[in-house]
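Below is a structure I'd like to ask you about.
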Amino acid sequence: MKSAVAATVTTALPAQPQHGAARAKVGEEKNKEADGDDRVILHFDYDCFYASVIENAHPALRTRPLGVRQKSILATCNYVARTRGVRKLMPVAQARAACPDLVVVCGEDLAPFRDASRRLWAFLRGAVAGARTERLGLDEVFLDVTAAVVYNRALLNPNALRDSFFHLSAEDPERGFTFDATRFAGCVHPPPDGQGEQHAGAGAAVLDDPVRVRLMLASHLAGYLRRRLEEDFGYTSSGGISTNKVLAKLVGSVNKPRNQTTLLPVQGENTIQEFLDAHQIREIPGIGSRTSSIIADHLFPPGKAVRAGHQEPEQQTPSGITVRDVLRYPDMSPALLSRILDRPGAERGGGKKIWNLLHGRDASEVKEAGVAPTQISVEDTYMARPLNTLPEALRELSVLATSLVRRMRADLTTAAEELTDPSSAGSAGLPLGTQQKRRWLAYPKTLRLSTCAHPGKSGSVSSTSNPSFSRISRSQPLPSFALDLGRPCAEVAERLVREALLPLFRRLHVGRAAGWNLALLNVCVANMVPVAGDGSSGSGGGAGGRDISRMFRTQGERLREWSAWDDDATTTTTTTTTMMSSPSLSPPRDRNDLFDGKAEGGAVANGGSEEKNDVEDAGSASAETELWAVDDGDSDSDVGWEDEDGDSVAQQRCAACGHVVPTFAMSAHERFHAMGD
DNA sequence: CTGGGGTCCT
DNA sequence: AGGACCC
């Protein structure tokens, strides 16, 4: 329960240092000096996401210890359960032993989680004009909000910092929220030495340093978005704010449930390196178990008893090796790392990449996700009873193929706008909405079947150092009948099994008619080809901006601003007033199979932003990037945001909409009008 | 009694 | 086709 730390700024706005000189104009000077700290990246991690989805569907569970099961382990559990000793990835039996009244629900069908994830993602994608958004798994999102933050920094009024307004769009000046620009929202990472000294210098530094200003603004943006996620959708989250993806994600873990943390550079100290140094290398995103154990084994050969603990089979994963251990190793260098990691199949820039990660440098971009996934797969495991006979295999392939066809239709098609009859204007469209016309957004060209033999039985347990056990796969072109939308899923699936999956299966297991001991089957379609003529892909033109604002309005936005938000995190879960007839749940007994699939209707608790979630939108935010383009204030010397002290920014009133805009931003602003005409 | 997915690179 | 990484 740490309450949010706020760095308070008490000084007046200082003159903006002539950073423009150092920063140089485009192309004039390389300025490769440092790890680009020129971006602003937010990372959101929904708290125990699967459990939250269940809780939103069944609010009565919020106060109970809850675990979400996949086969014999808990994929995750809520915080009530964690209080009672339950952990993520814990075997169910162990969890029940630790917490006998644990409510366990099955989470093997990911559909409800995928749906919830997509709704949250659609909100975040539409929330900040010009931002790029990337999903990582179902429960994490990166946003590159550099453009919006730069724009808003330029709009700061130094005389009224406490009553600042953050613009979420250059187009619509009403869209945004108020905030106090004299402080950070949420926590900051090296925590300000609160008690002893509240040095006035810290305050000055905040506004002196462009990076700090941007991060301060970003902290408020992150706080606003998290609040919306919680109030409008019912999902708490943890946030990280920094200048690249790795740092944003890492720092977001510092204050975990329902809080956020901004990683601050502190003048004269290398706080970022100190922050990284304490982490185990395995904890750095991008350094996986394989790389970690190779490095650990090389630095501290297993033969030597250097490390504490004399366990013989002590398996790797944490390894105990910290970033500091690696960087302090004699003669450590990118070249040495490259040599250590060099082996057939290794990534090319591998050593240098790891070296950069260990220093907190990460140039990877936030990738704007396409509307369609690049791959869809469905799998099941059969650990308890491995598959050994053809009838068993065919039955499971049928099940998987049916799910796959259903998912292809759900995720790769969209409602066909089939030159609409003007007569249907009354929205009386489809009385029995089910048989709606759909068309493919993208279609897969490849079908792949993967299997995996059971490690324990009869199969050769060849690799002692196996990260799980390895799969084998075969692929072929996807038959075109798989794209026939006129037939039932099951029918298409059956034909897929007979004509494609069974042949693939035979190619995988040549010469053996039975007795494969298969512990896993996976059916996958990949190699997606976007269907031309779809407005939601590239298109480039002005459509993007309008789509964003349209979607935003349908979200039921409206005077919600001016709600003061002190992230004094003492008040907890928004109490829910929901009309779910709570399913009978007797925790210890019965199989607790209360989760029945989709959270339909009024299932989602609170806020009531629900009901119409058919967003299926086409909001490609990338098209709007230019709107924020204010070329960074200091890269352009004509109008800094602080020409003279006093009230500073040269502003103009837009002739088209009347909005007052800084002079340097006017051309970008007008570009919007040109686009939206 | 070790999930059910995804991404990118080689 | 497989391996690394991510959750």
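Numbers restart at 1 for each chain; the letters A, B, ... are given by sequence-line order, proteins then strands.
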Round to a whole Å and report the spacing from CZ of A:Arg69 to P of B:dT2.
->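 Rounded to the whole Å, the gap is 15 Å.
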Looking for any heavy atom pair under 4.0 Å, which part of the strands does A:Pro285 touch: base, sugar-phosphate only, or nothing?
->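 Here A:Pro285 touches the backbone only, sparing every base.
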For the pair made of CD1 in A:Ile294 and P in C:dG3, what is the distance, rounded to whole Å?
->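 Interatomic distance, CD1 of A:Ile294 to P of C:dG3: 13 Å.
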Shortest non-hydrogen separation from A:Arg226 to A:Phe44 and the atoms involved |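 What the structure gives for the nearest pair is CG-CE2, 3.3 Å.
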Over how many whole Å does the gap from A:Leu520 atom CG to B:dC1 atom C1' extend?
->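 Going from CG in A:Leu520 over to C1' in B:dC1 covers 16 Å.
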Could you work out which one of B:dG3, C:dC7, C:dC5 sits closest to the side chain of A:Glu140?
->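 Nearest to the side chain of A:Glu140 among the choices is C:dC7.
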Rounded off to whole Å, could you give me the CG-to-P distance for the A:Leu74 and B:dT2 pair?
->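 Result: 14 Å.
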Nearest-Å distance for atom pair CZ/P, residues A:Phe469 and C:dG2 =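 One finds 16 Å between P of C:dG2 and CZ of A:Phe469, rounded.
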Pairs meeting criterion salt bridge (charged side-chain N to carboxylate O under 4.0 Å, His left out) with involvement of residues 72-87 of chain A, two or more places apart =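 Qualifying pairs: A:Arg84-A:Asp101.
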With the sugar-phosphate defined as primed atoms, P, OP1 and OP2, and the base as all remaining atoms, what B/S/- string results for nucleotides 5-10 of chain B, 5' to 3', for protein heavy atoms under 4.0 Å?
-> SSB-SS
With sequence neighbours excluded, what pairs up with A:Trp355 under the ring-ring contact (aromatic ring centres under 6.0 Å, His included) test?
->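 With sequence neighbours excluded, A:Trp355 shows a ring-ring contact (aromatic ring centres under 6.0 Å, His included) to A:His359, given in chain and number order.
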Indicate whether OP1 or OP2 belonging to C:dA1 is found under 4.0 Å from a side-chain N or O atom of A:Ser475.
->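 Yes.
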What do the steps show when you test A:Trp516 against A:Phe505 for ring pair (Phe, Tyr, Trp, His ring centres under 6.0 Å), and what is the final call?
-> CA-CA 11 Å; A:Trp516 320 280; A:Phe505 189 89; 4.9 Å; yes
Once you round it to whole Å, what is the distance between P of B:dG3 and CZ of A:Phe49?
->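 Atom CZ in A:Phe49 sits about 21 Å away from atom P in B:dG3.
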Atom OH of A:Tyr46 to atom P of C:dC6: distance rounded to whole Å?
->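 In whole Å, C:dC6 P and A:Tyr46 OH are 20 Å from each other.
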Only counting residues at least two apart or in another chain, list the ones meeting salt bridge (Lys or Arg N to Asp or Glu O under 4.0 Å) with A:Lys367.
->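 Here the qualifying residues are A:Glu134.
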Spacing between A:Arg96 atom CZ and B:dC1 atom C1', to the nearest angstrom =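 In whole Å, B:dC1 C1' lies 13 Å from A:Arg96 CZ.
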Of A:Tyr50 and A:Val92, whose nearest nucleotide on DNA chain B comes first from the 5' end?
->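 Closer to the 5' end of DNA chain B: A:Val92.
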Please determine if a side-chain N or O atom of A:Thr381 lies less than 4.0 Å away from the OP1 or OP2 oxygen of B:dG3.
->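 Yes.
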What is the nucleic acid contact for A:Lys249, judged by heavy atoms within less than 4.0 Å: base, sugar-phosphate only, or nothing?
->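 Sugar-phosphate only.
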What residues form a ring-ring contact (aromatic ring centres under 6.0 Å, His included) with A:Phe275, not counting sequence neighbours?
->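 Per chain and number, A:Phe275 pairs via ring-ring contact (aromatic ring centres under 6.0 Å, His included) with A:His189, A:His279.
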Under 4.0 Å: is that the gap between some side-chain N or O of A:Lys71 and OP1 or OP2 of B:dT2?
->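 Indeed not, no polar side-chain atom of A:Lys71 lies that close.
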Classify the ring geometry between A:His43 and A:Phe142 as parallel (under 30°), tilted (30 to 60°) or perpendicular (over 60°).
->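 Aromatic pair A:His43/A:Phe142 classed tilted.
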Residue-phosphate contact under 4.0 Å: A:Ser473 side-chain N/O, C:dG2 OP1/OP2 =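 For C:dG2, OP1 or OP2 has a side-chain N or O of A:Ser473 closer than 4.0 Å.
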C:dA1 phosphate, OP1 or OP2, under 4.0 Å from A:Arg507 side-chain N/O |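 Answer yes for this pair, as a side-chain N or O of A:Arg507 is under 4.0 Å from OP1 or OP2.
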Given C:dA4, B:dT2, B:dG4, which nucleotide is nearest the side-chain atoms of A:Ile73?
->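 Shortest atom-to-atom distance from the side chain points to B:dT2.
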With sequence neighbours excluded, what pairs up with A:Asp380 under the salt bridge (Lys or Arg N to Asp or Glu O under 4.0 Å) test?
->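 So A:Asp380 forms a salt bridge (Lys or Arg N to Asp or Glu O under 4.0 Å) with A:Lys71.
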